[in-house]
Amino acid sequence: MATTKKNKNYRPIGVFDSGVGGLSVLLELKRVLPHENFVFLADQMYVPYGEKSKSVLVKRVYKIADYFQKYHNIKMMVVACNTATVYTIGELRAKCSFPIVATVPAIKPAAQKTKSGTIAVISTPVTAKSQALKDLIKNNCKNINVLNVGCSHLENLVEQGILNGDYVNNLLLKYLEGIKDSDADCLVLGCTHYPFLKKSIGKILGSRIQIVDSGEAVAKQTRSLLLTNKMKKNPRSRGANLYFTTGDSAQFSKVASKLLKKKVKAKKVKI
Ligand code: DGL
């Protein structure tokens with residue numbers, strides 16, 4: 001049977017991150033696009049991305065894009081990782097023939113929301129230092145003061161499924177104390193692992209500081225790209241999800257089941 005446009009649109013959307021953090025984006029994707037099929041890949045052999053060099057990251061994302069194309073015949077890819085986006089999105093777009101949705105810290109919405117004129121952003125150490133984040137701030141925060149804080153190890157806690165408790169609170173306090181004591185009224189979560197720490201972060205910051213992440217914007221951008229490319233799947237059936245990791249599949253399945261509040265069974269892949 002010839003491949004028609006209609007059945008071509010049944011092809012999945014590939015979504016990846018260094019680890020379980022990208023599941024915070026997948027949750028929004030599934031909410032906004034419940035009929036699409038998704039293949040999620042956690043590159044846990046290489047987590048944390050936030051402490052890798054650009055050249056290592058570019059090699060990884062090339063391999064992941066090839067894997068998605070060769071083994072899953074994806075129609076679109078979502079980079080559910082700020083770190084991979086800020087260091088590799090240009091290279092990825094130049095290489096890949098399918099459309100790609102990027103994840104960047106939600107600086108623009110935060111700049112539009114702030115009343116105090118001060119916002120804060122927390123992200124991985126390399127995202128915090130990146131030119132891409134500096135440019136985002138420069139282009140969107142003309143008269144706004146921005147506290148840019150790089151954080152280590154927070155993603156590792158989420159990788160282990162540790163989302164609250166003394167250790168989490170003490171580590172968060174180290175990064176959030178200055179923000180709490182500042183004029184900031186908006187905190188941007190610039191790493192896709194952090195939405196899973198939102199409750200613990202909120203407890204420290206209190207209700208004065210609004211917490212903003214990129215998940216919903218990424219999902220809406222994916223929907224709009226599907227529409228402009230005439231790639232949206234027929235809504236008659238619900239979408240299916242497949243999960244893969246380059247790390248320990250039992251550990252991924254355990255933590256992902258906790259984060260997504262449903263049973264997840266992942267397969268290990270060598271990429
Ligand atoms: N979740 C990733 C991000 O949004 C990176 C976490 C890491 O592997 O360092 O930046």
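Whatever order the structure lists ligands and atoms in, that order sets their numbers, starting from 1.
Close contacts of ligand 1 with His193, meaning ligand atoms under 4.0 Å from a residue heavy atom, involve 1 (N), 2 (C), 6 (C). Taking a cut-off of under 4.0 Å to the non-hydrogen atoms of Asp17, the atoms of ligand 1 that pass are 1 (N), 2 (C). Below 4.0 Å from some heavy atom of Thr83 lie the following atoms of ligand 1, by number and element: 3 (C), 5 (C), 10 (O). For ligand 1, the atoms closer than 4.0 angstrom to any heavy atom of Ser18 are 5 (C), 6 (C), 7 (C), 8 (O). Every atom of ligand 1 with a heavy atom of Val47 under 4.0 Å away is listed here by number and element: 8 (O). Remark: ligand 1 atoms within the under-4.0 Å shell around heavy atoms of Gly50 are 7 (C), 8 (O), 9 (O).
Below 3.5 Å of separation, one finds an N or O of Asn82 facing an N or O of ligand 1. The shortest N or O to N or O distance between Ala80 and ligand 1 is not under 3.5 Å. Between Glu51 and ligand 1, no N or O atom pair is found at a separation short of 3.5 Å. Residue Thr127 has no N or O atom closer than 3.5 Å to an N or O atom of ligand 1.
A donor-acceptor pair shorter than 3.5 Å can be found between the side chains of Ser116 and Asp185. Donor-acceptor pairing under 3.5 Å is recorded for the side chains of Tyr49 and Asp43. In summary, the side chains of Lys233 and Ser237 do present a donor paired with an acceptor at a separation below 3.5 Å, with no hydrogens or angles considered. Checked by atom type, the side-chain pair Asp135/Gln131 shows a donor-acceptor distance below 3.5 Å.
A salt bridge is defined here as a Lys NZ or Arg NE, NH1 or NH2 lying under 4.0 Å from an Asp or Glu carboxylate O, and Lys95 with Glu91 fails to meet this definition. A salt bridge links Lys75 with Glu36: the closest approach of a Lys/Arg side-chain nitrogen to an acidic carboxylate oxygen falls below 4.0 angstrom. Between Glu28 and Arg31 there is a salt bridge, with a side-chain nitrogen of the basic residue lying less than 4.0 Å from a carboxylate oxygen of the acidic one.
Looking only at protein heavy atoms, the nearest one to atom 7 (C) of ligand 1 is Tyr49 N, 3.3 Å.
Distances shorter than 4.0 angstrom do not occur between any heavy atom of Gly21 and any atom of ligand 1. By the 4.0 Å heavy-atom criterion, Gly19 is excluded from the residues contacting ligand 1.
In this structure, Leu57 is a member of the same hydrophobic cluster as Val86, with clusters built from ILVMFWY side-chain heavy atoms closer than 4.5 Å. No single ILVMFWY cluster, assembled from side-chain heavy atoms under 4.5 Å apart, contains both Val101 and Phe98.
Using a 4.0 Å cut-off between heavy atoms, Cys81 contacts ligand 1 through both its backbone and its side chain. At a 4.0 Å heavy-atom cut-off, ligand 1 touches Thr124 through the side chain alone.
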